[in-house]
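Notes for the one structure printed next.
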Amino acid sequence: MTVPTQTTAPEQETKLPEDRRHMIRRRWLTAVIIVLLVGIPAGYLAISAGQSRDSGRDKERESSATGLRDSTPSLMKRRIFEVPIPPGSTGVAYYETSNWKTSRLYVQFTTSAGRLDGFLHQVGSSRSQLVPGKVTVSERDADIVGWNFPAGQDWSGTTVVRDKPRPGADITVDLTDPAAPKVYVVSTTTP
């Protein structure tokens, strides 16, 4: 068996030398691609790190606060602790405590008589379940946020009990001014 021999060399493609303008264009294109491949992820990381740092500072500032904060808790907190604050409420303030065993959200606000009924309905209670003369917020919880429930005011309270893991709530209402009841809520959840 013999292998045929090639008598003629295959035609070799000849490349023309690259002209200077083409070389410069190719190098610029390569540089732009490298900058984009490195610069975009680096920029994204820098922006993300800045946002993360700012978020951590906000959480640190909030967790180091003691006592009530004069603002409305975030929608997420209101959902987790099941404390719907009626629209148009005034004097809204809150404070949150959390540890490995129990988390509590303390909320106070002043609302109208009609909105109080709506609030009680949303938390699973009603005005008929408010016990006259009863303060359901414990002394311990009241001391944490500086609430006082002095005699001589028209206090009414109820406790909302829900199946775990849903939070329970102690609700005390100052009905001294029936047109503008002041509501005090301590919502407690145990993970």
Side-chain angles (χ1 to χ4, degrees), residues 51-52 54-191:
Q51 289 173 342
S52 179
D54 291 344
S55 173
R57 286 181 185 152
D58 291 345
K59 288 182 179 167
E60 178 184 5
R61 189 172 29 254
E62 184 174 334
S63 66
S64 67
T66 56
L68 293 168
R69 295 181 59 174
D70 290 329
S71 64
T72 302
S74 69
L75 182 59
M76 182 185 73
K77 284 183 186 178
R78 287 181 278 159
R79 284 183 179 164
I80 290 170
F81 288 96
E82 297 187 36
V83 179
I85 298 173
S89 295
T90 60
V92 180
Y94 79 98
Y95 180 66
E96 181 183 8
T97 62
S98 187
N99 61 37
W100 65 277
K101 204 169 161 184
T102 305
S103 295
R104 285 184 177 85
L105 181 66
Y106 301 81
V107 180
Q108 72 179 37
F109 58 88
T110 303
T111 190
S112 67
R115 289 185 175 142
L116 172 63
D117 292 332
F119 165 77
L120 291 169
H121 176 73
Q122 283 184 300
V123 296
S125 188
S126 66
R127 197 180 286 248
S128 65
Q129 292 178 326
L130 289 175
V131 179
K134 185 170 185 179
V135 174
T136 56
V137 174
S138 71
E139 284 185 39
R140 176 195 170 279
D141 286 334
D143 287 343
I144 288 173
V145 290
W147 286 338
N148 293 315
F149 300 106
Q153 297 201 227
D154 191 5
W155 298 110
S156 291
T158 187
T159 298
V160 176
V161 180
R162 299 179 182 113
D163 293 334
K164 301 258 186 230
R166 293 180 65 197
D170 293 316
I171 301 168
T172 299
V173 183
D174 180 1
L175 293 167
T176 305
D177 179 359
K182 189 162 187 176
V183 181
Y184 300 86
V185 182
V186 179
S187 179
T188 306
T189 183
T190 49

For the residue pair [X] and [Y], what are the closest heavy atoms and their distance?
X: S98; Y: S103; result: OG-OG, 2.9 Å
X: Y94; Y: S71; result: CD2-O, 3.2 Å
X: E82; Y: P167; result: OE2-CD, 3.5 Å

(message) Has N99 got a side-chain atom pairing as donor or acceptor with K101's backbone, closer than 3.5 angstrom?
(response)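 It does hold such a pair.
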
(request) Taking R162 for its side chain and V123 for its backbone only, find out whether a donor-acceptor pair lies under 3.5 Å. (result)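 Answer holds: yes.
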
Under 4.5 Å between any side-chain heavy atoms of [X] and [Y], yes or no?
X: V137; Y: F149; result: yes
X: L175; Y: P132; result: no
X: W155; Y: D174; result: yes
X: V145; Y: V186; result: no
X: L105; Y: I80; result: no

(message) Using the side-chain hydrogen bond (donor to acceptor under 3.5 Å, both in side chains) definition, which of the options Y184, Y95, W147 pairs with Q108?
(response)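 The passing option is W147.
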
(request) Only pairs at least two apart or in different chains count here, so list each salt bridge (charged side-chain N to carboxylate O under 4.0 Å, His left out) that has a residue in residues 146-161. (result)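 Qualifying pairs: none.
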
(request) Can you run down the salt bridge (charged side-chain N to carboxylate O under 4.0 Å, His left out) pairs that involve residues 178-191, sequence neighbours left out, and say none if there aren't any? (result)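 For residues 178-191, and leaving out neighbouring residues, there are no salt bridge (charged side-chain N to carboxylate O under 4.0 Å, His left out) pairs at all.
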
(request) Mind jotting down which residue pairs meet the side-chain hydrogen bond (donor to acceptor under 3.5 Å, both in side chains) criterion with at least one end in residues 125-137? Sequence neighbours excluded, please. (result)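 Pairs touching residues 125-137 that pass the test: D117-R127, S125-Q129, S126-S128, T136-T172.
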
(request) Would you sort out whether D177 and T110 count as a side chain to side chain contact (heavy atoms under 4.5 Å, CB included), showing the intermediate values? (result) CA-CA 10 Å; D177 179 359; T110 303; over 6 Å; no

Atom [atom1] of [X] and atom [atom2] of [Y]: how far apart are they, to the nearest 0.5 Å?
X: R78; Y: S187; atom1: CZ; atom2: OG; value: 13.0 Å
X: T158; Y: L130; atom1: OG1; atom2: CG; value: 6.0 Å
X: R104; Y: F81; atom1: CZ; atom2: CZ; value: 10.0 Å
X: T97; Y: D141; atom1: OG1; atom2: CG; value: 7.5 Å
X: F109; Y: L116; atom1: CZ; atom2: CG; value: 7.5 Å
X: T190; Y: K164; atom1: OG1; atom2: NZ; value: 3.5 Å

(request) Please step through side chain to side chain contact (heavy atoms under 4.5 Å, CB included) for the pair V183 and F119, ending with a clear verdict. (result) CA-CA 10 Å; V183 181; F119 165 77; 3.9 Å; yes

